[in-house]
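First comes the structure, then the notes that go with it.
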Amino acid sequence: MPTTPAPAPRIAVIGAGPGGLTCARVLQRHGIDVTVYDRDASADARNQGGTLDLHADSGQIALREAGLLADFHALARPEGQAQRMLTRHGEVLVDYRPTSDEDAAPEIDRGQLRTLVADSLAPGTIQWGHTLISATPGPAGTHRLTFDHGVTRDVDLVIGADGAWSRVRPLVSDATPVYTGVTFLEARYDEVDTAHPAVAELVGDGNVFATGDHKGLIGQRNSNQHVRAYIALRDDADWYRAAGIDPDDTEAVRAALLRAFAGWDERLLVLITDNDGPYVNRPLFVLPAPHTWPHTPGVTLLGDAAHLMAPLGGYGANFAMLDGCELALALARHDTPDEAVTVYERTMMARATAVGDGAEALARVFGPGDRDRSDVPDFAEAKERYRQGAAAYRSR
């Protein structure tokens with residue numbers, strides 16, 4: 001008698017960020033059903049943050065497997081790869097300008113990337129407005145997902161793509177994020193070329209990065225005449241409470257920052273004084289590396305849920321997208337989700353372990369004194385490394 005084919009596994013991705021959406025897109029390209037759950041009301045329900053450089057050896061590989069690489073290049077800003085690094089006194093250490101055909105790590109706004117991948121999915125794939133409350137193990141590796149409005153779903157594989165404070169991670173690991181000792185205060189500048197010409201000149205087409213004395217000023221060009229800045233402090237995560245400052249009191253925060261950055265070059269201080277709207281306090285957390293866990297049937301993690309890193313180097317989103325891509329390909333190529341997850345986790349954990357959590361680099365960059373030319377990245381070398389990595393990946 002003919003055998004009855006096994007039913008298709010019920011796959012749920014928790015989190016509609018770059019990694020989770022990429023995973024869903026590659027799964028659907030291979031004819032595998034998936035549902036993505038996200039707490040946001042829609043793709044553009046909140047500000048998605050700044051810009052991302054998608055590396056040829058990771059994020060762009062994922063977009064190629066997703067069939068979206070050409071669409072990405074149509075939106076991306078290759079000129080955004082420009083990098084200037086300065087001392088706190090305004091001395092230029094590096095002024096990297098990409099060539100006109102440079103495509104190793106072009107920039108794209110986070111919101112644009114999310115919309116690009118979300119819109120490529122089959123209608124109804126993303127269930128917006130679903131905040132996961134719990135994931136409870138059931139028989140044979142299944143899990144029951146319970147969402148904030150009482151809806152429950154039973155699934156055969158739950159993929160935790162839900163970021164730093166993942167609700168899925170406790171199913172496999174008791175690791176929790178730890179504070180790095182560095183906080184970024186995000187600031188924004190709208191209509192920058194006309195309303196904030198000094199900021200526009202300082203940041204240029206790409207990024208400017210000035211550090212010294214445990215602090216930093218980072219400006220990044222976004223699309224549509226927007227710039228974001230990240231004002232870095234080595235201090236307690238709730239530094240404003242110790243200073244008796246209401247974080248919503250923009251003028252009080254600005255005054256405190258100007259005191260902290262006293263003696264810095266005046267041309268740099270426009271990133272503190274000229275912002276539109278309030279500052280947003282963003283303490284930086286990491287998962288101590290290596291973060292591994294014993295294989296657990298019916299569940300796995302990707303992106304920040306698996307390997308939360310400091311933002312230096314731009315690995316976070318790139319690794320999340322490559323994670324999602326490789327997990328989806330493994331599910332398409334293996335007979336059971338359990339086999340696929342085992343193969344995926346082995347590769348993903350090794351890659352994340354090799355890079356680490358980035359906390360040591362963060363401590364060096366925002367350490368005492370001033371950096372000099374011997375302690376700054378070689379951006380041309382990094383771009384070549386991305387290209388070589390992409391070639392090696394394609395030849396596997």
Cut-off 3.5 Å, side chains only: do [X] and [Y] have a donor facing an acceptor?
X      : Y      : result
Ser42  : Asp44  : yes
Thr125 : Gln28  : yes
Asp71  : His73  : no
Glu345 : Thr300 : yes
His226 : Asp190 : yes

Any residue meeting ring pair (Phe, Tyr, Trp, His ring centres under 6.0 Å) with Trp128, in chain and number order, not counting sequence neighbours: none
message: Taking ring pair (Phe, Tyr, Trp, His ring centres under 6.0 Å) as the definition, give me every residue that meets it alongside Phe72, ordered by chain and number, with sequence neighbours left out.
response: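 Here no residue qualifies.
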State the [atom1]-[atom2] distance between [X] and [Y], to the nearest 0.5 angstrom.
X      : Y      : atom1 : atom2 : value
Met321 : Arg25  : CE    : CZ    : 11.5 Å
Asp274 : His196 : CG    : NE2   : 6.5 Å
Ser223 : Glu107 : OG    : CD    : 11.0 Å
Tyr315 : Ser58  : OH    : OG    : 9.0 Å
Arg234 : Asp213 : CZ    : CG    : 11.5 Å
Arg97  : Gln81  : CZ    : CD    : 13.5 Å

- prompt: With a cut-off of 6.0 Å (strictly less than), are more than 12 heavy atoms of other residues, nucleotides or ligands near CD of Glu384?
  reply: yes
message: Does Glu360 have more than 12 heavy atoms from other residues, nucleotides or ligands lying within 6.0 Å of its CD?
response: no
Can you find a pair of side-chain heavy atoms, one from [X] and one from [Y], that are under 4.5 Å apart?
X      : Y      : value
Leu171 : His143 : yes
Leu185 : Trp239 : yes
Tyr189 : Leu271 : yes
Asp193 : Pro197 : no
Arg228 : Glu186 : yes
Thr35  : Gln127 : yes
Leu157 : Leu331 : yes
Arg167 : Ile133 : yes

Keeping [X] on the side-chain end and [Y] on the backbone end, is there a donor-acceptor pair under 3.5 Å?
X      : Y      : value
Ser134 : Thr136 : no
Thr336 : Glu339 : yes
Asp53  : Ala105 : no
Arg84  : Leu93  : no
Arg29  : Glu65  : yes
Thr296 : Val172 : no

message: Do Arg282 and Tyr230 form a cation-pi contact, if we require the NZ or CZ to be under 6.0 Å from the six-membered ring centre and within 45 degrees of the ring's axis?
response: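 Cation-pi check for Arg282 and Tyr230: fails.
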task: Kindly state whether the ring of Tyr386 and the ring of His55 have centres lying under 6.0 angstrom apart.
output: yes
task: Please state whether the rings of Tyr96 and Phe379 are parallel, tilted or perpendicular, taking 30° and 60° as the class boundaries.
output: tilted
message: Students often mix this up, so state it plainly: with edges at 30° and 60°, are the rings of Trp264 and Phe261 parallel, tilted or perpendicular?
response: perpendicular
query: Restricting to pairs with a member in residues 361-370, which pass salt bridge (charged side-chain N to carboxylate O under 4.0 Å, His left out), not counting sequence neighbours?
result: Arg88-Asp370, Arg364-Asp375
- request: Under the side chain to side chain donor-acceptor pair (under 3.5 Å) rule, collect the residues that match up with Asn275, sequence neighbours excluded.
  value: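 Scan of Asn275 (side chain to side chain donor-acceptor pair (under 3.5 Å), adjacent residues dropped) gives Arg254, Tyr279.
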When the side chains of residues 302-312 are checked against the rest of the protein, which donor-acceptor pairs come out under 3.5 Å, sequence neighbours left out?
residue	atom	partner	partner atom	Å
His307	ND1	Gly303	O	3.4
His307	NE2	Asp323	OD2	2.6

task: Given ring pair (Phe, Tyr, Trp, His ring centres under 6.0 Å), test His295 with Trp293 step by step and report yes or no.
output: CA-CA 6 Å; His295 173 69; Trp293 57 88; 9.9 Å; no
In a table with atom names and distances, give each donor-acceptor pair under 3.5 Å that connects a side chain of residues 6-17 to protein atoms at least two apart or in another chain.
residue	atom	partner	partner atom	Å
Arg10	NE	Asp156	OD2	3.0
Arg10	NH1	Asp154	O	3.4
Arg10	NH2	Asp156	OD1	3.2

task: Tell me, please, which residues at least two apart from Thr99 pass side-chain contact (heavy atoms from CB on, under 4.5 Å).
output: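 So Thr99 forms a side-chain contact (heavy atoms from CB on, under 4.5 Å) with Asp101, Glu102.
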- request: Kindly give the cluster partners of Val286, where membership spreads through any ILVMFWY side chain lying under 4.5 Å from a current member.
  value: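 Cluster partners of Val286: Val178.
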For residues 145-153, dump all side-chain donor-acceptor pairs below 3.5 Å to protein atoms at least two apart in sequence or in another chain.
residue	atom	partner	partner atom	Å
Asp148	OD1	Thr131	N	3.4
His149	NE2	Gly129	O	3.3

task: Before accepting this row, confirm whether a basic side-chain N of the pair Glu91/Arg373 lies closer than 4.0 Å to the acidic partner's carboxylate O.
output: yes
message: If the threshold is 4.0 Å, N to carboxylate O, is there a salt bridge linking Asp162 and Arg169?
response: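 Looking at Asp162 and Arg169, the cut-off is not met.
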query: Sequence neighbours excluded, which residues qualify as salt bridge (charged side-chain N to carboxylate O under 4.0 Å, His left out) partners of Glu381?
result: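 Scan of Glu381 (salt bridge (charged side-chain N to carboxylate O under 4.0 Å, His left out), adjacent residues dropped) gives Arg385.
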Set of salt bridge (charged side-chain N to carboxylate O under 4.0 Å, His left out) partners for Arg241, sequence neighbours left out: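 Testing Arg241 for salt bridge (charged side-chain N to carboxylate O under 4.0 Å, His left out), a comparison that skips the adjacent residues, returns Asp238.
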task: Step by step, work out the side chain to side chain contact (heavy atoms under 4.5 Å, CB included) result for Phe319 and Arg351.
output: CA-CA 9 Å; Phe319 277 14; Arg351 178 170 55 238; 3.7 Å; yes
Using distance only, find each side-chain donor-acceptor pair of residues 115-124 under 3.5 Å and give its atom names and separation, not counting sequence neighbours.
residue	atom	partner	partner atom	Å
Thr115	OG1	Gly111	O	3.1
Ser120	OG	Val117	O	2.6

Closest non-hydrogen atom pair, Thr353 against Pro290: OG1-CB, 3.3 Å
- request: Considering non-hydrogen atoms only, spot the tightest contact between Arg221 and Val203 and give its length.
  value: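 Minimum heavy-atom contact is N-CG1, 3.6 Å.
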